[in-house]
Visitor: 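One structure, pasted below without further comment.
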There are 2 protein chains.
Amino acid sequence: MNKKNRVTSYDVAHAAGVSQSAVSRVYRPGVSVSKKTREKVLKAAEELGYKPNAIARMLINQSTGMIAVIISSRANVNFPEVLAQLNKHIAEKNKRVLLFTLDDAEQLETVIEQILAYQVDGVVALTAHFEPDSVTQFAKHNIPVVLYNRELPDHSVSSVCCNHDQGLRMLVDILVSHHHQHFLIMAGPKDSDVARARLSGARNALLSHGFTDTNVVYGDYSYDSARECLSAYAEKNALPTAIICANDTMAIGAIDEIRENLNLRVPEDISVVGFDGISASSWHSYQLTTVSQPTYFMTKAAVETLVNLIESPDIPPETRYWPGKLIEGNSVAAAPRDNE
Amino acid sequence: MNKKNRVTSYDVAHAAGVSQSAVSRVYRPGVSVSKKTREKVLKAAEELGYKPNAIARMLINQSTGMIAVIISSRANVNFPEVLAQLNKHIAEKNKRVLLFTLDDAEQLETVIEQILAYQVDGVVALTAHFEPDSVTQFAKHNIPVVLYNRELPDHSVSSVCCNHDQGLRMLVDILVSHHHQHFLIMAGPKDSDVARARLSGARNALLSHGFTDTNVVYGDYSYDSARECLSAYAEKNALPTAIICANDTMAIGAIDEIRENLNLRVPEDISVVGFDGISASSWHSYQLTTVSQPTYFMTKAAVETLVNLIESPDIPPETRYWPGKLIEGNSVAAAPRDNE
DNA sequence: ATAATAATTGCATTCGAAGTCATTCTTATG
DNA sequence: CATAAGAATGACTTCGAATGCAATTATTAT
């Protein structure tokens, strides 16, 4: 035993009266070991409490079985769910999640250094603060990367994304079919890719119905920011009949602001739609019409894409879009008549 | 360069015309290297794109710098926040989070094997399914463990817990000071330690005011379960004037059930209190009176306790309690008069 | 200039498991 | 019973960085 009291394959070999190679072979599948040796080794291992040292194994195998997952702590609300599911799918592939937080651009260099040092097999990036240059660094070191809900302009890196355009089109179609003509877009933070994608999705959908130049206010995905920016908007502008929010949390904030401070009703006076399908969106007080992301399938796809890349690095980068699922709540009604 | 194209310290040494030891020393703080050598090495490293291999370093250092964090995916709602904060504090200690999910007792053995194999420096357990026996296994291998919001009966392992007793006492005191006499406790899942602690906290607090045998219904921490179990209870029992819920999400479910199906008002007819201080608890429709856990301090304490244990394994196990913080919302009012 | 001391440097070994290769032991076959 | 074919085994090397130790060079004091 060494200083740290760790039982090594040599200790087991000694106790079992065999060589270290024999011990190693017992723990590798598909290698020929006689039944007698195997039993001796397992018995000794059991008695000593031996567990193969994964670190040593990583060194010789040139593969760590670790996947770096990069998150930003102030990400969109459904990240916990996404993280838990990612972790599950990664565990099923017999790999582990090594977690990194990236909150601002400053930390970028440090985090990348660390990820490279840890020799991870691959990277899943859930964060906004992740420049194309950084991705290049991983490429240089032959580390496959999959982006989650984010795509590079040149699609040089594999991505798994919810189809925000399609989701927003469904929401806008519903609003338009309810005769709405006066819209407000409540967008998410300008530095978030998802927020940008949803904003442009909303604009495109409105454009296709002939609505140009829709007003936009910007929040930061939070309930409070939604209330503040709507309240500020209402002071200087005529109210819209429909608000398209970048996520459910802001939609809920908007609804509360409309009811409490603007003294109007949702959906009778103003219709509100969200995006994400968080559990609060179905609560009785809100019953949001929203689009939910198929996170189960998206996380599964992300892990599969990554594992394939790890096994065959030459697979060209692929972008997979998943359609959102419309959830019709009770936050959309026919637009009030203009002269009302 | 080796097969995987990795640049090693030997490559750098060769390029810089020095020995491998010299390269190694450049990357170790507090070791004497001449300015000339350092510059040569750094220049060569830069050109080749060398990053020290953390795996090799772990092997020789007998320390991985990795902390295993065990979560269960269906844990209490605030786990994402807790996980993000834990990760942050761990990163500040210059260590990494290796994530494990433990959803049921079956996986226990596998997860423990993995954790031991990965030679983590320590373990933070956030999960319910974690028997005292398992903790012993880590002790055998000299791996420090800190439990989060969970304590062992014999306190043989360090824990960081929110003081649920104190929190529930504050909540019950408020209800009693509003003249409530008829209570219902809406408890969390029976297999959760936190849920049990909150249940017993509520019972103790009520007892101290002379209320014995308060009725209890059990939910699973979710909004839907709260609505269901309250609805079932209401069919067969007289309604209480105050409901003490094991967490905010269930409190919100209870409020919606009261308003929508029991056609009563909160707080005028029935008062409701929750626990956790999730963001939704302050939303206008609910404005819960609740107790928030000081997760920032708790996670910081957990990491500090663990790091201390890693550095000095002989520190005896310690249980640290953090008081919850009362948030007075608008979900508690004076009890309606009995003959109303 | 020279001795004495301090600062650098390289060699060789270590961490623990896995795999190559040569050798020994089985087993089956003629 | 001899022998070829196959299975099982152990000695030794590898992965990449860190470090004790001895040797070398630089610095300071005399």
Side-chain angles (χ1 to χ4, degrees), chain A residues 1-42 44-45 48-65 113-114 116-121 141, chain B residues 1-41 44-45 48-65 113 116-121 141:
Chain A
M1 290 218 235
N2 59 32
K3 28 187 160 161
K4 267 225 162 174
N5 254 348
R6 283 185 191 148
V7 183
T8 75
S9 56
Y10 285 93
D11 301 322
V12 177
H14 183 77
V18 297
S19 75
Q20 179 267 326
S21 320
V23 177
S24 170
R25 277 190 269 262
V26 169
Y27 289 89
R28 294 280 73 190
V31 191
S32 67
V33 193
S34 71
K35 198 180 280 185
K36 226 186 298 173
T37 308
R38 163 165 277 117
E39 276 164 11
K40 276 194 293 186
V41 168
L42 288 178
L48 297 173
Y50 169 73
K51 312 277 171 196
N53 183 325
I55 305 301
R57 199 176 262 178
M58 289 176 196
L59 192 56
I60 191 80
N61 284 342
Q62 304 269 310
S63 154
T64 57
E113 296 248 315
Q114 304 242 21
L116 290 175
Y118 276 92
Q119 318 285 128
V120 297
D121 290 352
H141 291 263
Chain B
M1 293 218 234
N2 59 33
K3 28 188 161 161
K4 267 226 165 175
N5 253 348
R6 282 183 190 150
V7 183
T8 75
S9 57
Y10 285 93
D11 302 323
V12 176
H14 183 76
V18 298
S19 74
Q20 180 268 327
S21 325
V23 177
S24 170
R25 277 190 266 260
V26 170
Y27 289 88
R28 295 279 74 192
V31 191
S32 68
V33 193
S34 71
K35 197 179 284 183
K36 225 186 300 172
T37 308
R38 163 166 276 117
E39 276 163 11
K40 276 194 292 185
V41 168
L48 297 174
Y50 169 73
K51 312 278 172 197
N53 183 324
I55 306 301
R57 198 176 264 177
M58 290 176 195
L59 191 57
I60 191 80
N61 283 345
Q62 304 267 38
S63 154
T64 57
E113 296 249 314
L116 290 175
Y118 276 92
Q119 319 283 322
V120 296
D121 290 351
H141 291 262

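Computed from a predicted structure; not experimentally measured. Excluded from the calculations below are hydrogen atoms, water molecules and symmetry mates; all remaining heavy atoms, backbone and side chain alike, are included.
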Visitor: Any side-chain N or O of S21(B) below 4.0 angstrom from OP1/OP2 of dT9(C)?
Guide: no
Visitor: Nearest nucleotide by nearest heavy atom, which residue falls closer to the 5' end of DNA chain C, A56(B) or V18(B)?
Guide: V18(B)
Visitor: Within this structure, what is the CG-to-P distance between N53(A) and dT14(D), rounded to whole angstrom?
Guide: 21 Å
Visitor: Mapping L59(B) and R25(A) to their closest nucleotides on DNA chain D, which lands nearer the 5' end?
Guide: R25(A)
Visitor: Y27(A) has an atom OH; how far is it from atom P of dG19(C), in whole Å?
Guide: 16 Å
Visitor: Would you indicate, yes or no, if dA17(D) has its OP1 or OP2 atom less than 4.0 angstrom from a side-chain nitrogen or oxygen of S9(B)?
Guide: yes
Visitor: Rounded to whole Å, please give me the gap between NZ in K40(A) and P in dA8(D).
Guide: 13 Å
Visitor: I need the CZ-C1' distance between R28(A) and dT20(C), as an integer number of Å.
Guide: 16 Å
Visitor: Whether S34(B) contacts dT9(C) is assessed here as follows: a side-chain N or O lying under 4.0 Å from the phosphate OP1 or OP2. Is that the case?
Guide: yes
Visitor: To the nearest Å, how far apart are R57(B) CZ and dT19(D) P?
Guide: 9 Å
Visitor: Go through the steps to decide whether L116(B) and Y50(A) satisfy the test side-chain contact (heavy atoms from CB on, under 4.5 Å), and finish with yes or no.
Guide: CA-CA 10 Å; L116(B) 290 175; Y50(A) 169 73; over 6 Å; no
Visitor: Once you apply a heavy-atom cut-off of 4.0 Å, does V23(B) come out as touching a base, just sugar-phosphate, or nothing?
Guide: nothing
Visitor: Ignoring the backbone of Q62(B), work out which of dG19(C), dC15(C), dT19(D) is nearest its side chain.
Guide: dC15(C)
Visitor: Starting from the C-alpha separation in whole Å, work towards a yes-or-no answer on side-chain contact (heavy atoms from CB on, under 4.5 Å) for M58(A) and M58(B).
Guide: CA-CA 11 Å; M58(A) 289 176 196; M58(B) 290 176 195; 5.5 Å; no
Visitor: When you check the phosphate oxygens OP1 and OP2 of dA18(D), does a side-chain N or O of S24(B) lie under 4.0 Å from one of them?
Guide: yes
Visitor: Can you tell me how far NE2 of H14(B) sits from OG1 of T8(B), rounded to the nearest 0.5 angstrom?
Guide: 11.0 Å
Visitor: Map N61(B) and R38(A) onto DNA chain D by nearest heavy atom, then report which one ends up closer to the 5' terminus.
Guide: R38(A)
Visitor: Expressed as a whole number of angstroms, how long is the span from I55(A):CD1 to dA17(D):P?
Guide: 15 Å
Visitor: Among residues at least two apart in sequence or on other chains, which ones pass salt bridge (charged side-chain N to carboxylate O under 4.0 Å, His left out) with K51(A)?
Guide: E113(B)
Visitor: Between R6(A) (CZ) and dT14(C) (C1'), how many Å, whole number?
Guide: 14 Å
Visitor: Check the phosphate of dG10(C) against Y10(B), side-chain N and O only, distance under 4.0 Å to OP1 or OP2. Yes or no?
Guide: no
Visitor: Does I55(B) offer a backbone N or O that forms a donor-acceptor pair with the side chain of N53(B) under 3.5 Å?
Guide: yes
Visitor: Quick one: D11(A) CG to dA17(C) C1', roughly how many Å, whole number?
Guide: 13 Å
Visitor: On a plain distance test, is the side chain of Q20(A) in donor-acceptor contact with the base of dA18(C) below 3.5 Å?
Guide: yes
Visitor: Please state whether the phosphate of dG10(C), meaning OP1 or OP2, lies under 4.0 angstrom from any side-chain nitrogen or oxygen of S19(B).
Guide: yes
